[in-house]
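Here is the naming used below: chain letters follow the sequence lines, and residue numbers restart at 1 for every chain. Computed over heavy atoms, backbone and side chain alike; hydrogens, waters and symmetry mates excluded.
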Number of protein chains: 2
Amino acid sequence: MEKNLKKRETMHRLCAKGLEIFQQKGYYNTSLDDILKELELSKGAFYHHFKSKEDYFINIIQNLIVQKVYALLVEPLNTYENPLPIILDSLEEALEPGKRNEMAYGFMLNDFLTEFNKRNAQISKYLKDILKVWEVNLVSVLKRGKIDGHIARHIDCEGVATYIIASYLGMRSLLMDNTNKQLKYQYIQQLKHYFRSIAAQNVMA
Amino acid sequence: MEKNLKKRETMHRLCAKGLEIFQQKGYYNTSLDDILKELELSKGAFYHHFKSKEDYFINIIQNLIVQKVYALLVEPLNTYENPLPIILDSLEEALEPGKRNEMAYGFMLNDFLTEFNKRNAQISKYLKDILKVWEVNLVSVLKRGKIDGHIARHIDCEGVATYIIASYLGMRSLLMDNTNKQLKYQYIQQLKHYFRSIAAQNVMA
DNA sequence: GCTTAAACCGACCCGCCAGTCGGTCTGCTT
DNA sequence: AAGCAGACCGACTGGCGGGTCGGTTTAAGC
C-alpha cells in the first residue's frame, strides 16, 4: 500500500499548490505548467492523477474549498448563543489574513464565482452550492435567534442571510487588491449598525 | 468630413457591441472574431481603429461604462432631499433589468473588476477609479445628510459608503445567473433596515 | 478624372497551453 | 529474479486567438 500513499501525497500536493496559485492569479490565467514547475512534477504525472484541468479543480473545490468554508463560516454558527455576535465574529475572522486562514483575505469565493460564471456551468454550480449551504445555515441560526428572542419577530431571515452574503462577497471584491486595513473595520462597524436594527428591542442587560 | 463620421460610427458600433458581448461572456472569454463576426467587420478594420484589444476595452470603459455609472449611480445623488431614500432608489434602479438600463441587471462592474484583477493592472485601475468616484459622491451626499439632520451625527460616512458599495457589488454577484426576482427585493428591504439604523432619531413625520 | 489617404479586407504568423503518448523508473508480488 | 503495474517523464500536437501586413475599395480634394 506504499503506492497508494504516494498517490494521495502527490494528489494532495497538487491540489494545495493549485489552490494557492489559482487564488493568486486566477484559474484561466494559470497554466498547468506554472503549477507543475513549482512542484517539480511533469505533465505526465498530472494527467496520471487527473483527467483534465477541470476535473482537477473540482477536486480542489471538494477537498479544500468546501472544508475551508465550513470551518470559517458554517461551523462557528453551531452554538446556542445570540447568533448576531457569532455571525459578526465569523465574518471578521473570515476576512482576516493569516491565522486560521492561510490565504490572504479569506477565501476568494467571489473571485472564483465570477471567473467561472458564463465560462463553466458545472464548476459554477459547485461553487454556488457552497454558498447555498452557507445561506441555509445562516437562515437556520437566524430563525433560532428569533425564537430565542435575540432577533425581532418581523424580520425576514432569508433576506437577512442574503444581505449578509452579498455584503461579504462585495467586501471581498473591495479588499482584493487593497492593503487598506480600514475597509474591514468599516465593514464590521456598519454590520453592527445593521444588526442592531434587526435585533429584538427588549434587550435585557 | 464624411470619412470622419464613418470612423466615429464604426468605432461606436464596435464599442457598443463589444460591451454587450463582454458582459455576456466575459472579456477573456470573448475573441475579437466573435465581435467582428456579428458586425461583419474584419480584423483589418478593427486594428485600423484600435491598437490592441486592451486599448479597445479602455475605450469602452471611458466612453460607455463611465457614463452609465454616472447616469445610474452618481447623478441621482444630486438633490437636496434626504439622501437615504435617494440612494435606495438609485440602487434599486441600478439592479433593474431593462428600462434605462439596457443590460440585464445593471452594470457588471463587479464582474469586470474581478476579471481584470491580477490580470491587467491598468484596466483594473480604470475600473477602480469609477468605484472611487461613486464612493466620493456617496460620502459627500451622506455628509450633507448629516448636516441636514437626516443622518445620525455619530455615523461614519466613509464606512457607510463602503458598506453600501460592498453590498451592491455582492448583490450583483448573486444576481448574475439568477432569475430569482426575490433576491433584489430582499436586498432592498434589508438596506431599508440598515438605513433606519443610521438615520437621525428625531424624525419629524 | 486623377491622386491620395482613409477605411477596410482576410490570409497568415506565432506564442500559449490543454491534452497525448511512448517510454522509463520504482517497488510490490510470487 | 522475474514480471508487472502504477507513478512519473517530457517531447510533441493541435487549436485558439491576438496581432500583422500587403492589398483593395471608397470618398474627399483638386
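- One atom, CZ of A/Phe46, and another, C1' of C/dC21, lie 17 Å apart when rounded to the nearest Å.
- Judged purely by distance below 3.5 Å, without hydrogens or angles, the side chains of B/Gln189 and A/Asp156 never pair a donor atom with an acceptor atom.
- Listed in residue order, the members of residues 47-64 of chain B having a heavy atom less than 4.0 Å from DNA chain C are B/His48, B/His49.
- Remark: aromatic rings of B/Phe57 and B/Phe116 are close, center separation under 6.0 Å.
- Going from atom CG of A/Leu32 over to atom P of D/dT13 covers 20 Å, rounded to whole Å.
- A 4.5 Å side-chain heavy-atom check between B/Tyr28 and A/Tyr28 finds every atom pair outside the cut-off.
- Atom CE of B/Met11 is separated from atom P of C/dA6 by 15 Å (rounded to the nearest Å).
- Nucleic acid contact for A/Glu40: sugar-phosphate only, since backbone atoms but no base atoms lie under 4.0 Å from a heavy atom of the residue.
- Across C/dC17, D/dC9, D/dT20, the shortest atom-to-atom separation from the side chain of A/Leu41 is found for D/dC9.
- Contact detail for B/Lys146 and B/Ile155: the closest heavy-atom pair is NZ-O, 2.7 Å.
- Side-chain proximity of A/Lys43 to the nucleotides C/dG19, D/dC9, C/dC8 is greatest for C/dG19.
- For the 3.5 Å distance criterion, the side chains of B/Thr114 and B/Asn117 fail to qualify, holding no donor opposite an acceptor.
- Counting only N and O atoms by type, the side chains of A/Gln190 and B/Tyr194 include a donor and acceptor under 3.5 Å apart.
- Between A/Tyr27 atom OH and C/dC17 atom C1' there is a gap of 12 Å when expressed in whole angstrom units.
- Between the NZ atom of B/Lys25 and the C1' atom of D/dC16 there is a distance of 12 Å, rounded to whole Å.
- Distance OH (B/Tyr28) to C1' (C/dC16): 14 Å, rounded to an integer number of Å.
- Between A/Ser31 and A/Asp34, the side chains place a donor N or O and an acceptor N or O closer than 3.5 Å (distance only, hydrogens not considered).
- Side-chain to base pairing of B/Lys6 with C/dA6: no donor and acceptor N or O lie closer than 3.5 Å to each other.
- Rounded to an integer number of Å, the gap from CD of B/Glu9 to C1' of C/dA6 is 16 Å.
- Contact between the side-chain N/O atoms of A/Thr10 and the OP1/OP2 oxygens of D/dC8 is found at a separation under 4.0 Å.
- For A/Ala45, whose side chain is taken as the heavy atoms from C-beta onward, the closest listed nucleotide among D/dC9, D/dG19, C/dC9 is D/dC9.
- The interatomic distance linking B/Leu5 (CG) with C/dA6 (C1') rounds to 14 Å, in whole Å.
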